[in-house]
Structure formats: C-alpha cells, structure tokens
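Reading through the structure tokens given below for one structure.
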Amino acid sequence: MAKPDPAWKQFGRHMRSHREALNLRQVDIAKKIGVVGSCYSSWETGSRKVDEKYVNNLDEYLKAGGRIAEEWEKTQRQVKTPFRFAELPDLEGAATQIREFQPLVFPGLVQTEGYARAIFEDGYPGMASAPIDELVRARISRQKILKEEPRPLALFLITESVFHQEVGNKGPELLYDQIRRVLSEVESGRVRVQIIPRDTGRHYGSGGPFRLYTFADEPSVASAEYMTGEVVISDKDRYQECVTTFGLLQGEAHSESKSLQMIRELVEQ
C-alpha cells in the first residue's frame, strides 16, 4: 500500500477539525455524502484522495464556508508540483518559530516571484515552463503565513555572498528587487535577519541549508534541503546537532541592527 501523501494528510486534518467542531461522527458525514464510513475515514487519514465530485458537498455539510474547497484546490496544486517540498507547508503552518540558515539563496518565505522563478530555472535547467510555474506558485503560496495572525517568529541567517549573487542571468535589477523585498519584510517586523560576513574565519554551515521548527504542542524538528526535496530530521540527537550548528553560525553573524544597516545600504546604492 502506498504511503499517504503528506499533502492529503494535511487536507484530512482540515476535514477532521471542521467535523469535530460540529460534534459530528465520521459516519454522520459519510451518510450525507453518500459514501461508506471506511471511505470517509480514509479521506481524513489522507490514505485516499478526495474525488472532486464530493468537494462542494463536503464544504456544505462541514459548514466550512468555502475553506474545504479552497484547501482541496491547494492540495491538488501541491501534489502536482514536481520535486516538491511536500512537508514544508505542514511544518511552517504549525510552527511557532522558524529558524533558517541559507548559504546560497534567499529563504523561500521572502523570495519575490521573479527571484523564485530564476532560482528554479537555474536549479532545473531544461525543465518545461509549466512545472516551473507550479514550483513558483507553491513557493509563493507558502508566504501567506507571514501575513496571518498569529505568525511564527522567523529568524534567517543568510551569508553575505547571497546579497551579491545574481541569478537567472536576469541582470542586477532582479537581485535589487529581491533585496528590497527582504528590507521590507525586516522593517515590517515579519522576519528577522542576520548576515554572516564573507570574511568570517569559520565555516560552520558547510553542510548546507537547514531549518529548525518549534511547535506549541509537538517536539521540535529540523529539515535539511537537498536538490530535489527536503529531509525532515526528528531524531533528537541529530536535531540537537542542527541546533548547535545554528548557534555557532549565529555567533559568527552580524547583529540584527548591523545586518539591517547593511541591507539598507545595499538598497540605497
């Protein structure tokens, strides 16, 4: 039996939360929809995809006000996205804190659409435009967590070279727009940024980019990025190694105020 897709598992949790808010049993909704109880149960566990013909009725009977239909559309887009980071929306959406180290590119949560497209075009040379479009849409859709309340505390450690590296062969304007976007997010208080200087004598981040996620009611986890996906790290010892590395990197980084000053100077140049 195929492993449940994380995207459909997340959709199932949305269904369950709406059903439980109405104090209804799975069998109650199943009867209204016209399916057997085991079928409905498989939807909530994510082991089976919800067929489109049931979506509007689910939204009606769960009194979701269009939210079930909206989540179904988002899930459909996510599972069609090639090389997707399937668990990232789950982790980011539930996290109270997100700490990220990026030595190569700007973090996805603050990328402009143009920068994200250039990154994917560089990363997957020869890929058709339609899959690139899906990747860009998936990345941009994740950014809504920074605009919702409550939003997570987001702290990014970014190497200084990222602020000078053009991407996509698009010229300096694309990079300039991206730096302005970062400045806007920092000044608004939605994210916090510390820049790791190019002349630091240590290179604690040679293992590559990674993220740390803190949750209100669940154990913390980390994730490490690789070329075609994301590996979630839940083992306590390995997670602690990531925490230690992040702390060492933060010790090498400029303060938030100094980093903000550097970003402003780049925008003003």
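Fair warning: this is a prediction, and the values are worked out from it, not measured in the lab.
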From CA spacing to verdict: salt bridge (charged side-chain N to carboxylate O under 4.0 Å, His left out), R137, E134: CA-CA 5 Å; R137 280 194 289 268; E134 290 289 347; 3.1 Å; yes

Hey, does [Y] have a side-chain heavy atom less than 4.5 Å from the side chain of [X]?
{"X": "F106", "Y": "F156", "answer": "no"}
{"X": "T214", "Y": "R99", "answer": "yes"}
{"X": "P152", "Y": "E92", "answer": "no"}
{"X": "Y239", "Y": "S220", "answer": "yes"}

Mark yes or no for whether [X], through its side chain, and [Y], through its backbone, hold a donor-acceptor pair below 3.5 Å.
{"X": "Y176", "Y": "V267", "result": "yes"}
{"X": "S42", "Y": "R48", "result": "no"}
{"X": "D122", "Y": "I119", "result": "no"}
{"X": "T159", "Y": "I196", "result": "no"}
{"X": "D235", "Y": "R238", "result": "yes"}
{"X": "Q143", "Y": "Q111", "result": "yes"}
{"X": "R211", "Y": "E100", "result": "no"}
{"X": "S41", "Y": "G37", "result": "no"}
{"X": "D59", "Y": "I68", "result": "yes"}

Which residues share a side-chain contact (heavy atoms from CB on, under 4.5 Å) with E113, sequence neighbours left out: R117, V136, I140

Heavy atoms of other groups near E218 CD, more than 12 under 6.0 Å: no

Lys/Arg-Asp/Glu bridge criterion (N-O < 4.0 Å) met for R202, E252: no

Salt-bridge contact K32-E60 (side-chain N to carboxylate O under 4.0 Å): no

Test side chain to side chain contact (heavy atoms under 4.5 Å, CB included) applied to V182 and I263, V162, L260, V191, the passing residue: I263

Where at least one partner belongs to residues 175-193, residue pairs that pass salt bridge (Lys or Arg N to Asp or Glu O under 4.0 Å), sequence neighbours excluded: D177-R180, R181-E185, E185-R190, E187-R264, R192-E256

Check against side-chain hydrogen bond (donor to acceptor under 3.5 Å, both in side chains), E44 and Q26: CA-CA 9 Å; E44 286 199 358; Q26 290 183 345; 2.9 Å; yes

Q194-Q250 side chain donor-acceptor pair, cut-off 3.5 Å: yes

F11/W43 aromatic ring centres below 6.0 Å: no

Stepwise side-chain hydrogen bond (donor to acceptor under 3.5 Å, both in side chains) test for Q269 and E265: CA-CA 6 Å; Q269 287 177 2; E265 289 174 353; 5.8 Å; no

Aromatic ring pairing F246/F210, orientation class (parallel under 30°, perpendicular over 60°, tilted between): perpendicular

